[in-house]
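Below: the structure, in structure tokens.
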Amino acid sequence: MDFRSIAEKRYTTQKYNVSRKISNSDIEDLKHILKLSPSSINSQPWLFTFVSNEQIKNELANASYSNAPKIKNASHLVVFSVMDNLEEFEKRVEENLLENSIKFYKQYIKTQSKEKTVNWLSHQVYITLGFFLAACASMEIDSTPMEGIDVGKYQNILNIKDHKVLFSVAIGYRDDNDITQPNLIGKSRLADDTVIQSID
Ligand SMILES: Cc1cc2nc3c(=O)[nH]c(=O)nc-3n(C[C@H](O)[C@H](O)[C@H](O)COP(=O)(O)O)c2cc1C
């Protein structure tokens with residue numbers, strides 16, 4: 001499928017088919033694809049937690065407000081976190097990045113407040129969200145990106161250290177009766193001339 005069709009067909013799934021699970025090989029592909037996401041100076045300040053364990057997935061669902069039913073019926077929940085232990089992050093930078101990237105980090109990023117640095121790092125994790133949603137759609141896997149979650153509870157349930165949970169994505173296969181499918185209700189987007197300009 002060409003990318004234009006993928007973009008037109010993907011949607012935030014509201015109802016999953018509880019009996020259809022994603023294959024292990026597709027999950028391995030998604031992990032690999034996430035790792036290949038781009039990031040400024042190749043900083044990769046992320047942690048991706050794939051949850052298929054039903055008990056843990058249900059606990060996370062119960063910490064996800066109105067998103068709970070989607071997560072319970074989805075095949076997997078993927079939790080996206082940003083590294084916020086800057087000492088640890090800087091060790092990684094020193095050990096893995098190219099000299100110019102280390103220089104950029106020290107000169108322009110490290111000199112800011114911790115809040116601004118973690119904010120910059122979080123931007124990198126959000127890039128992976130777009131990458132991931134597109135990858136899922138290209139594999140005909142349905143998805144639900146969610147910021148409507150209790151990140152503090154997620155952090156505790158998953159015992160995540162040195163990172164801050166930002167958002168999660170439920171993945172699986174749609175229930176045929178999901179009334180929010182684009183072939184039933186279309187896509188709701190602002191007009192081209194509101195959001196796109198061309199300087200020719
Ligand atoms: C960062 C982010 C957070 C979102 N959080 C939620 C959420 O908590 N629950 C939900 O049902 N949809 C959530 N959405 C989905 C958006 O509402 C949805 O992408 C938007 O309305 C466009 O619809 P579409 O994805 O079906 O094209 C989120 C989307 C993004 C990108």
Side-chain angles (χ1 to χ4, degrees), residues 1-18 20 22 30 33-34 37-40 44-51 56-84 118-158 160 163-196:
M1 211 186 328
D2 65 290
F3 199 82
R4 186 188 167 111
S5 308
I6 289 171
E8 284 169 350
K9 286 182 180 156
R10 72 141 290 286
Y11 78 114
T12 294
T13 302
Q14 297 296 335
K15 203 169 176 201
Y16 283 91
N17 177 343
V18 69
R20 223 180 135 196
I22 301 172
L30 286 173
I33 289 164
L34 268 177
S37 298
S39 57
S40 181
Q44 306 166 70
W46 42 59
L47 176 70
F48 307 116
T49 309
F50 281 71
V51 182
I56 306 285
K57 191 159 73 65
N58 277 337
E59 278 182 50
L60 293 167
N62 291 333
S64 305
Y65 310 110
S66 63
N67 289 312
K70 303 162 211 173
I71 299 172
K72 285 182 181 168
N73 285 347
S75 171
H76 289 65
L77 182 68
V78 187
V79 180
F80 291 66
S81 307
V82 62
M83 193 165 223
D84 68 347
V118 174
N119 196 26
W120 179 80
L121 294 173
S122 301
H123 294 163
Q124 314 312 319
V125 184
Y126 272 88
I127 293 168
T128 72
L129 172 60
F131 209 59
F132 185 69
L133 297 180
C136 287
S138 77
M139 294 163 70
E140 297 190 359
I141 290 171
D142 292 309
S143 62
T144 311
M146 293 169 290
E147 282 182 317
I149 62 172
D150 185 331
V151 291
K153 286 189 181 159
Y154 267 54
Q155 193 99 16
N156 288 337
I157 294 165
L158 297 172
I160 286 180
H163 294 77
K164 184 172 81 158
V165 173
L166 294 174
F167 54 87
S168 66
V169 181
I171 53 175
Y173 297 98
R174 70 189 69 177
D175 183 311
D176 290 340
N177 297 319
D178 185 353
I179 54 166
T180 64
Q181 297 175 75
N183 60 322
L184 300 176
I185 60 163
K187 299 290 289 180
S188 165
R189 290 296 189 267
L190 297 173
D192 287 8
D193 60 3
T194 309
V195 294
I196 296 173

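All ligand and atom numbering here is 1-based and tracks the order in the structure.
Protein non-hydrogen atoms do reach within 4.0 Å of atom 8 (O) of ligand 1. There is no protein heavy atom less than 4.0 angstrom from atom 21 (O) of ligand 1.
Any N or O atom pair closer than 3.5 Å counts here, and L129 shares no such pair with ligand 1. An N or O contact shorter than 3.5 Å links K187 to ligand 1 by distance. The distance criterion of under 3.5 Å between nitrogen or oxygen atoms is not met by Y126 with respect to ligand 1. Checked by distance only, ligand 1 and N67 come closer than 3.5 Å through their nitrogen or oxygen atoms.
Annotation: atom 23 (O) of ligand 1 to nearest protein heavy atom, R189 NH1, 3.8 Å. Closest to atom 5 (N) of ligand 1 among all protein heavy atoms lies E147 N, 3.0 Å. In terms of protein heavy-atom proximity, atom 18 (C) of ligand 1 is closest to T12 OG1, 3.4 Å. Looking at atom 11 (O) of ligand 1, its nearest protein heavy atom turns out to be K70 NZ, 2.8 Å.
Residue contact check: Y11 has heavy atoms under 4.0 Å from atoms 26 (O) of ligand 1.
Inter-residue side-chain proximity for L158 and V51 is flagged as met; some heavy-atom pair is nearer than 4.5 Å.
Here the shortest heavy-atom distance to atom 6 (C) of ligand 1, taken over G148, S168, P145, belongs to P145.
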Solution key, residues 71-81 side-chain donor-acceptor pairs under 3.5 Å, sequence neighbours excluded:
{"residue": "K72", "atom": "NZ", "partner": "N62", "partner atom": "OD1", "Å": "2.8"}
{"residue": "S75", "atom": "OG", "partner": "I22", "partner atom": "N", "Å": "2.9"}

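Distance check: L133 CG to I141 CD1 gives 12.0 Å after rounding to the nearest 0.5 Å. Atom CZ of R174 sits about 4.5 Å away from atom OH of Y11, to the nearest 0.5 Å. A distance of 4.5 Å separates CG of L166 from OG of S122, quoted to the nearest 0.5 Å.
Residues in residues 1-18 take part in these salt bridge (charged side-chain N to carboxylate O under 4.0 Å, His left out) pairs, two or more places apart or across chains: R4-E8.
Side chain to side chain, Y154 and T49 fail the donor-acceptor criterion of an N or O pair below 3.5 Å. At a cut-off of 3.5 Å, with distance as the only test, no side-chain donor of Q155 or K164 sits close to an acceptor on the other residue.
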